[in-house]
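This report refers to the structure that appears directly beneath it.
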Amino acid sequence: MVAGICAGAVVAALLASGGTGTGSPDGYSMRTDARFAPVAALVPSAAVTYDAKLVPAAAWIEVSQHTTRGGATTVKLRVDGMVPGHAYAVHVHQKPCGADPAAAGGHFQHKPSTDPADITADNEVWLDFTADEHGAGEASARHDWNFRQGEASSVVIHDMPGSRVRAACFTVPFGWAP
């Protein structure tokens with residue numbers, strides 16, 4: 001019974017955040033969106049802003065994933081309400097967001113490594129963008145590999161490409177296809 005409650009909570013959390021995920025013979029597809037809220041917001045959100053000057057409260061984010069059976073994965077990002085003209089670096093991270101920006105852990109890597117030479121767009125999912133004059137932006141990344149079960153759980157928005165500053169985080173129900 002506990003497993004049924006947990007599964008129901010996951011489905012409810014997906015629906016509450018606007019997310020949907022489906023497994024099929026063709027693979028896995030998911031789309032989820034949310035509005036950013038401060039960590040201490042009265043109404044919590046799956047999208048948290050750690051720096052409201054860079055990612056304002058109520059800015060919007062949408063992430064989608066499509067993974068084909070056997071391996072090709074496409075991740076797409078759309079945002080609105082960001083700082084016009086600002087460059088952001090966005091990466092898929094290993095763990096869900098938390099009150100502490102470090103809670104999301106490190107970048108998901110296709111071939112896990114501690115070698116700085118392996119921190120590349122080929123080994124990770126990079127969704128960097130520059131917000132347009134209205135604060136909107138989008139990016140996509142396609143790889144011929146798949147996420148490993150339970151090892152990709154969020155996208156982190158960094159201040160700018162090359163920065164380690166975590167401005168915001170969005171917990172995402174990434175999936176995989178066997």
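The analysis underlying the following values was restricted to heavy atoms, covering all of them including side chains, and did not include hydrogens, waters or symmetry mates.
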List the atom of [X], the atom of [Y], and the distance in Å for their closest heavy-atom pair.
| X | Y | result |
| --- | --- | --- |
| Val83 | Ala131 | O-CB, 3.2 Å |
| Val155 | Val63 | CG2-CG2, 4.1 Å |
| Val165 | Ser163 | N-OG, 3.0 Å |
| Gly105 | His93 | O-ND1, 2.8 Å |
| Ser154 | Pro96 | CB-CA, 4.4 Å |
| Ala167 | Val55 | CB-CG2, 4.0 Å |

Verify, without hydrogens or angle tests, whether [X] (side chain) and [Y] (backbone) share a donor-acceptor contact under 3.5 angstrom.
| X | Y | result |
| --- | --- | --- |
| Thr73 | Trp145 | yes |
| Ser153 | Gln94 | yes |
| Asn123 | Asp118 | yes |
| Asp128 | Val90 | yes |

Starting at [atom1] of [X], measure out to [atom2] of [Y] and round the result to the nearest 0.5 Å.
| X | Y | atom1 | atom2 | value |
| --- | --- | --- | --- | --- |
| Asp33 | Leu77 | CG | CG | 11.5 Å |
| Met160 | Leu54 | CE | CG | 9.5 Å |
| His134 | Asp80 | NE2 | CG | 9.5 Å |
| Asn146 | Gln65 | CG | CD | 7.5 Å |
| Trp60 | Arg78 | CH2 | CZ | 4.0 Å |
| Asp51 | Ile157 | CG | CD1 | 11.5 Å |

Problem set entry | Co-membership, hydrophobic cluster, residues Val156 and Val125, 4.5 Å side-chain |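 As far as the 4.5 Å side-chain criterion goes, Val125 and Val156 are not connected within one cluster.
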Exercise. So if you build clusters from Ile, Leu, Val, Met, Phe, Trp, Tyr with side-chain heavy-atom gaps below 4.5 Å, do Tyr50 and Phe36 land together?
Worked result: no
Exercise. Do we see a donor-acceptor contact under 3.5 Å between the side chains of His91 and His158?
Worked result: yes
Exercise. Are Gln109 and Glu124 linked by a side-chain donor-acceptor pair shorter than 3.5 Å?
Worked result: yes
Problem set entry | Verdict with reasoning, His86 to Asp159, per side chain to side chain contact (heavy atoms under 4.5 Å, CB included) | CA-CA 9 Å; His86 193 83; Asp159 179 14; 2.8 Å; yes
Exercise. Parallel, tilted or perpendicular: which describes the rings of Phe147 and Phe174, with under 30° parallel and over 60° perpendicular?
Worked result: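 Tilted: the ring planes of Phe147 and Phe174 meet at 30° to 60°.
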Exercise. If we only count heavy atoms from C-beta on, is the Trp176 to Glu151 side-chain gap below 4.5 Å?
Worked result: no
Exercise. Are side-chain heavy atoms of Pro173 and Thr32 found at a separation under 4.5 Å?
Worked result: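 Answer yes - side chains close enough.
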For this session: Please step through side chain to side chain contact (heavy atoms under 4.5 Å, CB included) for the pair Val172 and Met30, ending with a clear verdict.
Result: CA-CA 9 Å; Val172 176; Met30 172 280 305; 3.5 Å; yes
Problem set entry | Sole residue of Lys76, Arg35, Arg31 in salt bridge (Lys or Arg N to Asp or Glu O under 4.0 Å) with Glu62 | Arg31
For this session: Verify the ring-centre separation between Trp126 and Tyr88: is it less than 6.0 angstrom?
Result: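 Centroid separation for Tyr88 and Trp126: 6.0 Å or greater.
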